[in-house]
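Accompanying notes for the structure given below.
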Amino acid sequence: MQWIIFMLLLFISSMEMLMQNRWKKQASAGLLENCTGCVLCSEDNGCITCHHRLFLLIWRDGIRQYGMCVHTCPPGYFGVRGLEVNRCTKCRSPSCESCFSRDFCMKCKDKFYLHKGQCFRQCPPSTAAQPGTRECQETCMPGPWSQWSACTHEGRTCGCKWGVETRVREVLGAAQEEGAACPALLETRKCRMRKHCPGEKTEPKNKGKKRQKKPKTEPHVGT
C-alpha cells in the first residue's frame with residue numbers, strides 16, 4: 001500500500017515538472033501570444049513570472065485573470081520593483097492617468113484637475129484651475145487694505161509739490177505655496193504735498209528785484 005502511494009506521489013511530481021518545462025518551452029519559443037518576455041507562462045493565465053527587467057501586468061476578466069510582461073506600465077498603473085518580481089500596480093483613483101504610488105497621482109485624465117496628488121472635477125477652494133497644465137494652483141486670500149501712508153517724496157513730507165502715498169495688505173492664513181497666484185499686496189498713488197514746511201521762512205515774491213525808478217520828465221519850455 002505504501003509503495004502504491006509513493007508511486008502515485010512520484011507520478012504527480014513528475015507531471016508538475018513536465019508541465020512547468022512545457023510552459024517554459026512555449027514561452028521561449030513564442031508559441032503563446034501572451035507569453036512574450038515570460039520566464040514562466042500558463043496557457044490559461046498568461047505570464048506568471050517575467051524577466052528581471054520587465055514588469056508583470058495582471059488584469060481581470062470576470063473571475064479570471066491574465067498576466068503579461070511589459071517594459072513600462074500602462075496608464076492608470078505604476079511600477080513597483082521587488083526582489084522576486086516587478087509588478088504593475090493599479091492607481092487607486094479611476095480618474096488618475098499616472099501615479100507615483102497607489103494613492104498619489106501625478107497626472108489626471110481629461111476633465112480632471114490635479115491638486116496635491118488627487119484628481120478633482122472642480123478645483124478646491126483657494127485654488128484656481130490652470131487649463132494648460134490641468135492643475136489646481138494655490139491662490140492667495142488677501143486681507144483688508146491698510147490706511148494710506150503719509151504723502152512723501154524722497155523721505156520728506158513737505159517742501160515739494162507732489163509726492164507718493166502707499167497702502168498694503170497681508171495674506172490671510174498660513175504661508176502660501178511657492179508660485180501661488182496672488183493679487184496686488186501693495187498700491188501707490190500720486191498725492192499733493194505741502195510746498196512749505198512748518199517754521200520755514202518764506203521769501204516775498206518781489207524780494208531780490210530792484211525797484212525801477214520812473215524817469216523824470218523835464219517840463220517843456222515853450223519858445
Side-chain angles (χ1 to χ4, degrees), residues 55 71-82 86-212:
F55 292 93
H71 290 276
T72 57
C73 297
Y77 291 80
F78 69 99
V80 179
R81 294 192 179 274
N86 304 324
R87 295 183 180 275
C88 289
T89 303
K90 194 172 184 179
C91 305
R92 187 181 297 276
S93 173
S95 57
C96 183
E97 182 175 324
S98 175
C99 55
F100 176 75
S101 63
R102 186 170 175 80
D103 296 307
F104 193 92
C105 189
M106 295 190 299
K107 184 180 180 181
C108 299
K109 295 181 179 179
D110 290 340
K111 300 181 180 180
F112 289 89
Y113 293 91
L114 179 67
H115 180 61
K116 295 183 177 180
Q118 304 294 324
C119 295
F120 299 88
R121 283 193 177 274
Q122 293 183 345
C123 288
S126 302
T127 63
Q130 304 297 315
T133 59
R134 304 209 58 81
E135 295 180 354
C136 298
Q137 187 179 29
E138 293 281 347
T139 57
C140 292
M141 296 295 293
W145 286 105
S146 66
Q147 297 293 328
W148 287 102
S149 68
C151 189
T152 61
H153 176 76
E154 295 182 352
R156 301 181 62 185
T157 58
C158 59
C160 298
K161 187 175 182 180
W162 296 101
V164 174
E165 57 186 4
T166 61
R167 66 176 183 175
V168 296
R169 57 182 175 178
E170 296 181 352
V171 177
L172 298 177
Q176 301 294 315
E177 293 183 358
E178 185 179 355
C182 294
L185 301 178
L186 182 144
E187 284 186 348
T188 61
R189 68 181 182 184
K190 190 177 180 181
C191 56
R192 195 174 185 89
M193 297 176 60
R194 289 180 296 179
K195 190 173 182 181
H196 302 290
C197 296
E200 182 180 354
K201 294 182 179 180
T202 59
E203 297 180 356
K205 293 182 179 180
N206 59 355
K207 184 179 181 180
K209 294 183 179 180
K210 293 183 178 180
R211 190 173 181 179
Q212 295 181 355

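With sequence neighbours excluded, the residues that form a side-chain hydrogen bond (donor to acceptor under 3.5 Å, both in side chains) with Thr166 are Ser149.
The heavy-atom pair separating Arg156 from Cys197 by the smallest distance is NH2-SG, 4.1 Å. Nearest approach of Cys123 to Glu135, heavy atoms of both residues: SG-O, 4.5 Å. Heavy-atom minimum distance, Phe78 versus Lys90: CE2-O, 4.2 Å. Of all non-hydrogen atoms in Thr152 and Met193, the two that sit nearest each other are C-SD, 4.0 Å. When every heavy atom of Cys91 is checked against every heavy atom of Ser98, the shortest pair comes out as SG-C, 4.4 Å.
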Kindly indicate, with the supporting measurements, whether the criterion side-chain contact (heavy atoms from CB on, under 4.5 Å) is fulfilled by Tyr113 and Gln122. CA-CA 7 Å; Tyr113 293 91; Gln122 293 183 345; over 6 Å; no

Stepwise disulfide bond (SG atoms under 2.5 Å apart) check, Cys96 with Cys108: CA-CA 4 Å; Cys96 183; Cys108 299; 6.0 Å; no

Identify every side-chain donor-acceptor pair in residues 184-192 under 3.5 Å, counting partners at least two apart or on other chains, and give the distances.
from, atom 1, to, atom 2, distance (Å)
Glu187, OE1, Arg167, NE, 3.0
Glu187, OE1, Arg167, NH2, 2.9
Arg189, NE, Glu165, OE2, 2.4
Arg189, NH2, Glu165, OE2, 2.9

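Applying the salt bridge (Lys or Arg N to Asp or Glu O under 4.0 Å) definition to pairs two or more places apart or across chains, those involving residues 94-104 are Arg92-Asp103, Glu97-Lys107.
A heavy-atom distance below 4.5 Å is found between the side chains of Cys105 and Cys119. Phe112 has its side chain within reach of Arg121: a pair of non-hydrogen atoms, C-beta onward, lies under 4.5 Å apart.
The distance from atom NZ of Lys111 to atom CZ of Arg134, rounded to the nearest 0.5 Å, is 9.5 Å. For the atom pair Cys136 SG and His115 NE2, the distance stands at 6.5 Å (nearest 0.5 Å).
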